[in-house]
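Okay, structure first, notes after.
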There are 2 protein chains.
Amino acid sequence: MWNADIVTTPPRGLRERKKQATREALREAALRLAVERGPDQVRVEDIAEAAGVSPRTYNNYFASREQAIVSAVTADREARIAAAVAARPAGVRLADAVTDAVVEQYTNTGEREHKALLLITTQAALRDAFLDTAAGIEPPLTAVIAERLDDAEAHTARVLAASVAAAVRIALEGWLRPAGKAEAAESFAAGGLVVPSGSLPDQLRTALAPLAPAFDAAEQHTQP
Amino acid sequence: MWNADIVTTPPRGLRERKKQATREALREAALRLAVERGPDQVRVEDIAEAAGVSPRTYNNYFASREQAIVSAVTADREARIAAAVAARPAGVRLADAVTDAVVEQYTNTGEREHKALLLITTQAALRDAFLDTAAGIEPPLTAVIAERLDDAEAHTARVLAASVAAAVRIALEGWLRPAGKAEAAESFAAGGLVVPSGSLPDQLRTALAPLAPAFDAAEQHTQP
DNA sequence: GCGTAAAGTTGCGTGCACGCAAGTTTACTG
DNA sequence: CAGTAAACTTGCGTGCACGCAACTTTACGC
């Protein structure tokens with residue numbers, strides 16, 4: 001959705017600001033109501049009303065009820081990750097820059113955020129919506145990786161970014177799976193291999209580690 | 001969903017066979033009606049009626065109308081890919097085994113399949129549903145990769161499989177994007193980098209290539 | 001074979017996503 | 001400053017996804 005620049009530059013027109021305000025109001029309302037009444041006791045109509053817009057407008061902003069709730073926690077983490085990568089000095093290994101940026105942005109967990117995460121784990125639909133947010137880091141990551149690599153290897157950047165997104169998703173999945181054992185057993189029917197779930201940073205690093213050689217190879221193609 | 005074994009072993013009970021038959025009937029009906037009338041002139045009710053089940057039963061099988069249509073083309077490609085990987089001799093490089101298997105299973109395009117693909121490209125919702133099928137290769141791929149690698153590195157297998165799925169998705173995207181230029185320009189707003197779209201096999205190999213070093217490294221950890 | 005438990009199907013009801021077209025606000029140009 | 005084009009909001013209507021509970025079919029043990 002957004003690239004790193006937009007994070008730093010404030011919205012230009014009054015139009016944009018109102019839009020952001022509405023989005024924020026909806027996020028806020030969705031999360032507050034979900035916490036107050038429980039996730040499935042809140043209807044789109046309620047959220048829209050609390051934010052002062054029509055239900056139809058509500059889903060000009062969010063494609064699903066879950067997305068609104070989750071986005072209050074996620075905020076603009078995607079852009080922050082991209083910015084964090086861009087902020088690393090050009091000398092460091094790209095694989096490290098990415099890994100550190102991801103871990104950093106997922107561990108800055110405020111009080112309110114942590115509370116909301118607890119809520120999310122309680123309902124399958126919310127967990128899924130939360131996992132889907134991982135895919136959102138792909139576009140900004142693509143841009144920032146392409147910048148470090150040569151632009152000639154744009155497709156490589158895209159694949160690497162998508163792989164990172166997939167790995168992050170897996171890490172998050174493994175992290176909040178303990179809440180749902182049945183599914184894990186089912187999806188891994190092939191071999192009963194279960195991973196002892198550690199802390200989130202550990203999960204992230206473990207998931208990203210296998211991709212490091214791919215980053216290294218890509219990097220060497222540009223600066224041999 | 002399925003692992004490689006299930007492909008070869010026929011369904012055991014009468015129960016399973018009826019289920020498969022219903023699924024097949026729905027797939028078939030969905031595709032036929034979509035071709036006859038055009039994709040958006042077919043309602044779930046019609047598909048269900050043509051297959052001889054209730055509308056409610058229809059979406060015990062498929063979560064969306066698009067999924068049913070697309071699945072007629074996709075069939076059980078996921079399982080075939082996994083089987084193809086498993087079929088390669090143990091000596092070959094894992095990266096090559098996977099790449100070749102993927103390319104092979106995506107290029108065996110029959111007449112009817114090719115016709116349906118043309119239909120899919122015409123509608124955005126169908127294209128999206130088709131792209132989503134790429135994610136389906138992750139579970140069987142995870143199983144078969146884990147088998148080649150040491151089972152101790154199960155998490156690595158999972159990440160690699162997910163990365164392959166992501167890469168395949170990107171390849172497919174790039175392949176059928178020419179039908180929708182506007183979106184491409186928008187999603188790549190950061191830098192106007194466009195990839196000249198070649199044939200599907202080329203796209204697949206190009207997308208999978210950056211992952212090869214990761215496969216090599218994983219393989220070397222098990223057999224140094 | 002018979003009874004029982006599990007799996008699958010169906011009707012019904014509810015809330016929702018989304019297309020469409022009209023009305024309203026913002027931004028841009030001369 | 002006025003006029004116009006583009007963006008955003010909203011009401012309305014349609015089809016759909018999905019939970020729930022009753023009913024039917026299959027599988028399994030005694």
Side-chain angles (χ1 to χ4, degrees), chain A residues 1 10-26 29-30 33-34 37-71 122-129 132 182-183 186 189, chain B residues 1 10-26 29-30 33-34 37-71 122-129 132 182-183 186 189:
Chain A
M1 294 286 166
R12 289 209 322 212
L14 182 152
R15 203 186 192 94
E16 317 280 334
R17 266 175 294 165
K18 284 191 75 169
K19 226 178 141 179
Q20 284 308 317
T22 302
R23 174 170 241 109
E24 186 92 7
L26 284 169
L33 292 177
R37 318 182 180 174
D40 41 324
Q41 293 305 319
V42 59
R43 289 175 310 186
V44 163
E45 191 185 338
D46 305 330
I47 302 176
E49 189 184 6
V53 296
S54 88
R56 183 62 183 86
T57 293
Y58 159 85
N59 70 343
N60 287 338
Y61 285 89
F62 297 103
S64 78
R65 198 178 61 254
E66 290 77 19
Q67 216 174 83
I69 299 176
V70 161
S71 92
T122 65
Q123 213 184 49
L126 286 177
R127 280 181 297 170
D128 291 348
D132 284 345
E183 307 171 37
E186 187 178 10
Chain B
M1 292 285 165
R12 288 209 322 215
L14 182 150
R15 206 186 192 90
E16 316 279 335
R17 266 175 294 164
K18 284 191 76 169
K19 225 177 142 180
Q20 283 308 317
T22 302
R23 176 171 239 109
E24 186 91 9
L26 284 170
L33 291 177
R37 319 181 179 175
D40 43 323
Q41 293 306 318
V42 61
R43 290 176 309 186
V44 164
E45 191 186 339
D46 304 330
I47 302 176
E49 190 185 3
V53 296
S54 88
R56 183 62 184 86
T57 293
Y58 160 85
N59 71 346
N60 287 339
Y61 286 90
F62 296 102
S64 78
R65 198 177 62 254
E66 290 76 19
Q67 214 175 85
I69 300 176
V70 162
S71 92
T122 66
Q123 215 184 44
L126 285 178
R127 280 181 297 172
D128 291 347
D132 285 343
E183 307 171 37
E186 187 179 10

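Lettering of chains follows the sequences in order, A, B, ..., and the numbering in each one begins at 1. Hydrogens, waters and symmetry mates play no part in the numbers below; they use all other heavy atoms, side chains included.
- Non-hydrogen atoms lying under 4.0 Å from DNA chain C are contributed by B:Val53, B:Ser54, B:Arg56, B:Thr57, B:Asn60, all within residues 47-60 of chain B.
- If you take CD of A:Glu45 and P of C:dG15, they are 9 Å apart, rounded to a whole angstrom.
- Applying the 4.0 Å criterion to OP1 and OP2 of D:dC8, one finds that A:Lys19 has a side-chain N or O inside that range.
- Between A:Glu45 and A:Tyr58, the closest side-chain pair of non-hydrogen atoms is not below 4.5 Å.
- Summary for the helix from C:dG1-D:dC30 to C:dG30-D:dC1: the axes at its two ends, each from 5 pairs, differ by 40° when rounded to the nearest 10 degrees.
- A straight line from CZ of B:Arg65 to P of D:dT14 spans 16 Å, rounded to a whole angstrom.
- Taking atom CZ on A:Arg17 and atom P on D:dA7, their separation rounds to 19 Å, with Å as the unit.
- For A:Glu66, the side-chain contact (heavy atoms from CB on, under 4.5 Å) partners at least two apart in sequence or on another chain are A:Ser64, A:Ala125, A:Leu126, A:Ala129.
- If you check every strand for non-hydrogen atoms under 4.0 Å, B:Tyr61 touches sugar and phosphate atoms only.
- A:Arg43 has its CZ atom 18 Å from the P atom of D:dG19, to the nearest Å.
- Of all heavy-atom pairs between A:Ala50 and A:Ala29, the closest is CB-CB, 3.8 Å.
- Per the geometry, NZ belonging to B:Lys18 stands 8 Å off P belonging to C:dT9, to the nearest Å.
- One interatomic measurement links the two molecules: CD of B:Glu16 to P of C:dG8, which rounds to 7 Å at whole-angstrom precision.
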Stepwise side-chain contact (heavy atoms from CB on, under 4.5 Å) check, A:Tyr61 with A:Gln67: CA-CA 10 Å; A:Tyr61 285 89; A:Gln67 216 174 83; over 6 Å; no
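- Nearest approach of B:Pro39 to B:Arg65, heavy atoms of both residues: O-NE, 4.3 Å.
- Within 6.0 Å of atom CD in A:Glu49, 12 or fewer heavy atoms from other residues, nucleotides or ligands are found, so the atom counts as exposed in its surroundings.
- Under the 3.5 Å distance criterion, the side-chain polar atoms of A:Gln41 are left unmatched by any main-chain donor or acceptor of A:Arg37.
- One atom, CZ of B:Arg23, and another, C1' of C:dG8, lie 13 Å apart when rounded to the nearest Å.
- Here D:dA17 presents its P atom at 12 Å from CG of B:Leu26, a figure rounded to the nearest Å.
- Screening A:Asn60, A:Asn59, A:Val53, A:Thr57 for a side-chain contact (heavy atoms from CB on, under 4.5 Å) involving A:Leu26 leaves a single residue, A:Val53.
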